[in-house]
> 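Before we start, here is the structure in question, set down as structure tokens.
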Number of protein chains: 2
Amino acid sequence: MQTTIEIDKASIILKLLGDETRLTMLKLMDEHACCVCEFVEIFQISQPAISQHLRKLKDLGLVEEERRGQWIFYSMNNNHEYYAFIQSVLKQLPNQNYRIKKLEEEGTRISCC
Amino acid sequence: MQTTIEIDKASIILKLLGDETRLTMLKLMDEHACCVCEFVEIFQISQPAISQHLRKLKDLGLVEEERRGQWIFYSMNNNHEYYAFIQSVLKQLPNQNYRIKKLEEEGTRISCC
DNA sequence: TAAGTAAATAATTATATACTTATATATCAA
DNA sequence: TTGATATATAAGTATATAATTATTTACTTA
């Protein structure tokens, strides 16, 4: 269970986690594959802002993308070298599934993805 | 062992941890009370830069200061509301005690503290 | 193939961050 | 009380960050 990670690597990852939007995105992607438009709906910020957050996560290899037709779904990369480290943080955060449920209730999830 | 922390609180703490200098400082302070001049010697940055990092950590209550004569020693606040959360990160980082040993060998630790 | 939708990228901007130098404050010791 | 040392604070600067709007690219479907 106990992992080890060099301090320079850890600080780079923690800096990425140290943004409320990205941290919430990661917590969601840990359970669900999500598309950009869902995040736009959830966080109420512009589509490019979401894309840019995802870009940073992807550049570090923390998330993976998968195109499904018109949409691109993002999800946690479980094979990342420091996945266990990231998990050790995420597992302490309250579940954010209510955000997905809210999308479903509003029909925003279905309409988009 | 498992803790819970709201996502907004977590992101604020993680942002502080997401700087290599501060993360290393915290790892050191988790075991040793350290004074500002030791950090200056270790990180080879200016004294005000160290003071400013410590200020941020102190503003969040993560560290405590204790004056001993001319010096002010900083150490981890074990009673912080999110101490367990911080620990869950720090315990995965390699021990940094070699940095203290190096100071002792150089005589920098004794001369200062 | 043309129109519509999803996402990425480019360019810009405002703010935050991490540092510097200069100065102020606090303690110690002669 | 004066000089030396340790730390904090102020002010300034260069860079990083997180957002925006405008545009491009990629896919789908009529």
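What you see is a predicted model, and the numbers here were worked out from it, not measured in a lab. Just so it is clear: chains get the letters A, B, ... in the order the sequence lines come, proteins before strands, and each one is counted from 1.
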> C:dA22, C:dA7, D:dA18: which one has an atom nearest the side-chain heavy atoms of A:D19?
D:dA18
> Could you check B:K91, B:Q87, B:Q96 and say which one makes a side chain to side chain donor-acceptor pair (under 3.5 Å) with B:D30?
B:Q87
> Separation of A:L23 atom CG from D:dA18 atom C1', in whole Å?
16 Å
> Distance check: side-chain N/O of B:S46 vs OP1/OP2 of C:dT20, anything under 4.0 Å?
yes
> With a 4.0 Å cut-off on N to O distance, would you call A:K102 and A:E104 a salt bridge?
no
> Contact class for A:Y74 (heavy atom, under 4.0 Å): base, sugar-phosphate, or nothing?
sugar-phosphate
> Taking CZ from B:F73 and P from D:dT7, how many angstroms apart are they, rounded to a whole number?
8 Å
> Within less than 4.0 Å of OP1 or OP2 of C:dT17, is there a side-chain N or O belonging to B:H53?
no
> Please report the distance, rounded to the nearest Å, between CD in A:E65 and C1' in C:dA8.
10 Å
> Calculate the interatomic distance between B:M25 atom CE and D:dT7 atom C1'; express it in whole Å.
13 Å
> Could you tell me whether A:R22 contacts a base, only the sugar-phosphate backbone, or nothing, with contacts defined as non-hydrogen atoms closer than 4.0 Å?
sugar-phosphate
> Quick check on C:dT9: is either OP1 or OP2 less than 4.0 Å from any side-chain nitrogen or oxygen of A:R55?
yes
> Are the side chains of B:K9 and B:E81 in touch, meaning some heavy atoms are under 4.5 Å apart?
no
> Is the phosphate of D:dA18, meaning OP1 or OP2, less than 4.0 Å from a side-chain N or O of A:K56?
yes
> Going by distance alone, is a donor N or O of one side chain under 3.5 Å from an acceptor N or O of the other, for A:E31 and A:N95?
yes
> Report the distance from atom CD of B:Q52 to atom C1' of C:dC19, rounded to the nearest whole Å.
7 Å
> So what does A:K58 touch, heavy atoms closer than 4.0 Å: a base, only the sugar-phosphate, or nothing?
nothing
> Where the side chain of B:V36 is defined as all heavy atoms beyond and including C-beta, which of D:dT20, D:dC27, D:dA8 is the nearest nucleotide?
D:dA8
> The side chain of B:A49 is closest to which nucleotide in this list: C:dA22, C:dC19, C:dA7?
C:dC19
> What is the separation between atom CD1 on B:I72 and atom P on D:dA6, rounded to the nearest whole Å?
12 Å
> Send over the distance from A:L16 CG to D:dT17 P, rounded to a whole Å.
9 Å
> Between A:E65 and A:R67, does any NZ, NE, NH1 or NH2 come within less than 4.0 Å of an OD or OE carboxylate oxygen?
no
